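This is a predicted model, so every value here is computed, not measured. The figures that follow rest on heavy atoms only: side chains count, while hydrogens, waters and symmetry mates do not.
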2 protein chains.
Amino acid sequence: MDNSKILLVDDEQDILDLIRYNLEKEDFTVFTASNGREGIEIAKKELPDLILLDVMMPEMDGMEACTEIRTIPELAGVIIAFLTARSEDYSQIAGFDAGADDYITKPIKPRVLVSRVKALLRRTSGKEETNSSANSSGIVIDKDRYIVFKEGVELSLPKKEFELLSLLMSQPGRVFTRELILSSVWGNDVIVGDRTIDVHIRKLREKLGDSNFKTVKGVGYKFDD
Amino acid sequence: MDNSKILLVDDEQDILDLIRYNLEKEDFTVFTASNGREGIEIAKKELPDLILLDVMMPEMDGMEACTEIRTIPELAGVIIAFLTARSEDYSQIAGFDAGADDYITKPIKPRVLVSRVKALLRRTSGKEETNSSANSSGIVIDKDRYIVFKEGVELSLPKKEFELLSLLMSQPGRVFTRELILSSVWGNDVIVGDRTIDVHIRKLREKLGDSNFKTVKGVGYKFDD
DNA sequence: GAAAGTCTTAACTTTCGCTTAACCTCGCAG
DNA sequence: CTGCGAGGTTAAGCGAAAGTTAAGACTTTC
């Protein structure tokens, strides 16, 4: 759950190393860039969840980069936090106005940084967790609304189908045994016939595309793309 | 767009006044409470978008209040920021772990505070945009006056209907389970029959239009357009 | 204290999601 | 080639869950 992607943009190698070390220790995936221009390139390619931007940088500074990032559609929703040398309160205003979500002051204290990063990610990834999760298959599920989107088209599934889909999509690629599916979707005390799962899988295949649901004979099913 | 509701919880009247003044100047709607317990009561009633919580308070401190708020379903999604006297870096960790989204240090500088509040609200209100809004259904509720407007026409609903509607509309699109509805509108200790909710939903559909209330069989109801 | 309004319940109907039974297909082992 | 095991397919029927309606118990209003 915590392998969120973080892009770190700073021109000082020491800082990059320090932060990278601490974030990777927490299982985040870290990308780095040493100026704003390069940061934007990488951001477009990797679509990180969070960008940590140093304010002072050669080539293109953090403020400019932030403003530009906010105009890039693929990066809508990315969280941006500035890193700044001194707690210059009033300079923060410019940062927030440029579209920043947070301001972290140097000197960086590793534990504080990690806590802060987690707090920033919690809202979005927390939302993703309960709300929706996407992947390359073009299928997005929204648990709060009990709705599934297939290539942007809204689609509402009955309870059991929805729960089965949620389960399979919770770990794409992983095979869930019939047993596990039964205990998870139906509960341990309900006894249902052998063909019940198949029928539900069939409905999902019908509605969401055959290719996403793979049968592993003798074992179970998995969601794939 | 900026009349977001902000709940301010602090035991010092000076601070309440100062912050209230500055936020109201920016067209935010501000509620205040002077301790955690009272804050939670008001939060449940007003469903603010953002809560500013002082850490040090009598009765129930900010940390406790934060933890409790995070367990209240109607308040899922509310943003919580702590106000703290000194930039005690390491104490922030506990705050973030309790579910805080931000940390604002005293002494409060008005312009910084306002910028920060706007930055915090930007993310969610941006998100709500995709969820669309209650406006598109033509239904607006006014909690202070216990009044509902449907396409501009005033309409007064009985208590239970009003509360049910408020709950459903607090997060349009989200499905509320029957259980949740019961505990939220009727309270945990009242026992009512199975059909009670249905009848109230029926009344709402009758008065406000069938299409806005969707049934998710086996799960609950949601407000939609 | 009648009238109007509110909430809950009971009894009945309707809907539609879930399960099953019966049959089909595929692939593999003997 | 045959038999068997595992999964696929289909449609029908059951039944739980929601919709509907009216009536009864309370409350508030005037």
Side-chain angles (χ1 to χ4, degrees), chain A residues 141 143 145-148 155-168 175-224, chain B residues 141 145-148 154-168 175-224:
Chain A
I141 78 177
K143 284 194 169 172
R145 300 207 268 161
Y146 249 83
I147 278 177
V148 179
L155 190 58
S156 80
L157 298 182
K159 198 180 176 216
K160 284 267 147 62
E161 283 168 43
F162 189 86
E163 281 171 2
L164 176 54
L165 179 66
S166 294
L167 178 66
L168 294 180
V175 179
F176 291 84
T177 63
R178 285 169 168 270
E179 259 176 21
L180 192 61
I181 293 173
L182 279 180
S183 73
S184 182
V185 177
W186 274 263
N188 283 311
D189 27 56
V190 188
I191 317 142
V192 287
D194 256 2
R195 300 272 65 70
T196 305
I197 292 180
D198 309 39
V199 173
H200 284 275
I201 289 285
R202 171 157 210 292
K203 295 256 177 73
L204 290 177
R205 283 178 167 152
E206 208 168 65
K207 292 173 183 169
L208 298 168
D210 198 58
S211 51
N212 293 309
F213 302 91
K214 291 202 178 136
T215 306
V216 182
K217 269 211 167 187
V219 189
Y221 294 94
K222 65 174 169 173
F223 178 88
D224 237 9
Chain B
I141 77 178
R145 296 200 280 154
Y146 247 80
I147 279 177
V148 179
E154 198 175 310
L155 188 58
S156 81
L157 297 181
K159 194 169 172 236
K160 284 270 145 64
E161 284 168 43
F162 188 86
E163 281 170 4
L164 176 55
L165 179 67
S166 294
L167 178 66
L168 294 180
V175 177
F176 292 83
T177 63
R178 294 175 99 88
E179 250 182 17
L180 193 64
I181 293 173
L182 279 180
S183 73
S184 185
V185 177
W186 274 264
N188 283 311
D189 26 56
V190 187
I191 315 141
V192 287
D194 256 2
R195 300 272 64 70
T196 304
I197 293 179
D198 309 38
V199 173
H200 285 274
I201 289 284
R202 176 162 203 290
K203 296 256 176 73
L204 289 177
R205 296 216 243 237
E206 212 168 62
K207 293 174 184 170
L208 298 168
D210 197 59
S211 51
N212 293 309
F213 302 91
K214 291 203 177 134
T215 306
V216 181
K217 266 212 171 187
V219 188
Y221 294 93
K222 63 176 167 174
F223 179 88
D224 234 14

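Within the 4.0 Å cut-off from OP1 or OP2 of C/dT8, at least one side-chain nitrogen or oxygen of B/H200 is found. Between A/T215 and D/dG8, a side-chain N or O to OP1/OP2 separation shorter than 4.0 Å is present. Side-chain nitrogen and oxygen atoms of B/W186 include none within less than 4.0 Å of the OP1 or OP2 phosphate oxygen of C/dC7. B/R205 has no side-chain polar atom (N or O) that falls below the 4.0 Å cut-off from OP1 or OP2 of D/dT20. OP1 or OP2 of D/dG8 lies within a sub-4.0 Å distance of a side-chain N or O belonging to A/Y221. Using a 4.0 Å cut-off, no side-chain N or O of B/R202 falls inside it from OP1 or OP2 of D/dG19.
One atom, CD1 of A/I197, and another, P of C/dC18, lie 14 Å apart when rounded to the nearest Å. Across the protein-nucleic acid pair, A/K207 atom NZ and D/dT9 atom P stand 15 Å apart, rounded to whole Å. Distance CG (A/L165) to C1' (C/dG17): 16 Å, rounded to an integer number of Å. At whole-Å resolution of the value, CG in A/L164 and C1' in C/dG17 are 14 Å apart. Here the P atom of nucleotide C/dA10 and the CG atom of B/D198 are 14 Å apart, to the nearest Å. Distance, A/D194 CG to C/dT20 P: 10 Å, rounded to whole Å. Spacing between atom CD1 of B/I201 and atom C1' of D/dA17 amounts to 14 Å, rounded to whole angstrom units. Across the protein-nucleic acid pair, A/L182 atom CG and C/dT19 atom C1' stand 13 Å apart, rounded to whole Å.
With values rounded to the nearest 0.5 angstrom, A/L204 atom CG is found 10.0 Å from A/N212 atom CG. In this structure, CD1 on A/I197 lies 8.5 Å from OG1 on A/T177, to the nearest 0.5 angstrom. Here the straight-line distance linking atom OH of A/Y221 with atom NE2 of A/H200 works out to 11.5 Å at 0.5 Å rounding.
For C/dT6, the base has no donor-acceptor partner in the side chain of B/K159 [N/O atoms by modelled type, under 3.5 angstrom].
A/D198 has no carboxylate O lying under 4.0 Å from a charged side-chain N of A/R205, or vice versa, which leaves the two without a salt bridge.
Across all strands, A/K160 comes closer than 4.0 Å only to sugar-phosphate atoms, never to a base (heavy-atom distances). Residue-level contact check: B/T196 touches the bases, meaning some heavy atom is under 4.0 Å from a base atom.
Nucleotides of DNA chain C nearest to B/L157 and B/R195 differ in position, and the one nearer the 5' end is that of B/L157. Nearest-nucleotide positions on DNA chain D for A/E206 and A/G218 put A/G218 closer to the 5' end.
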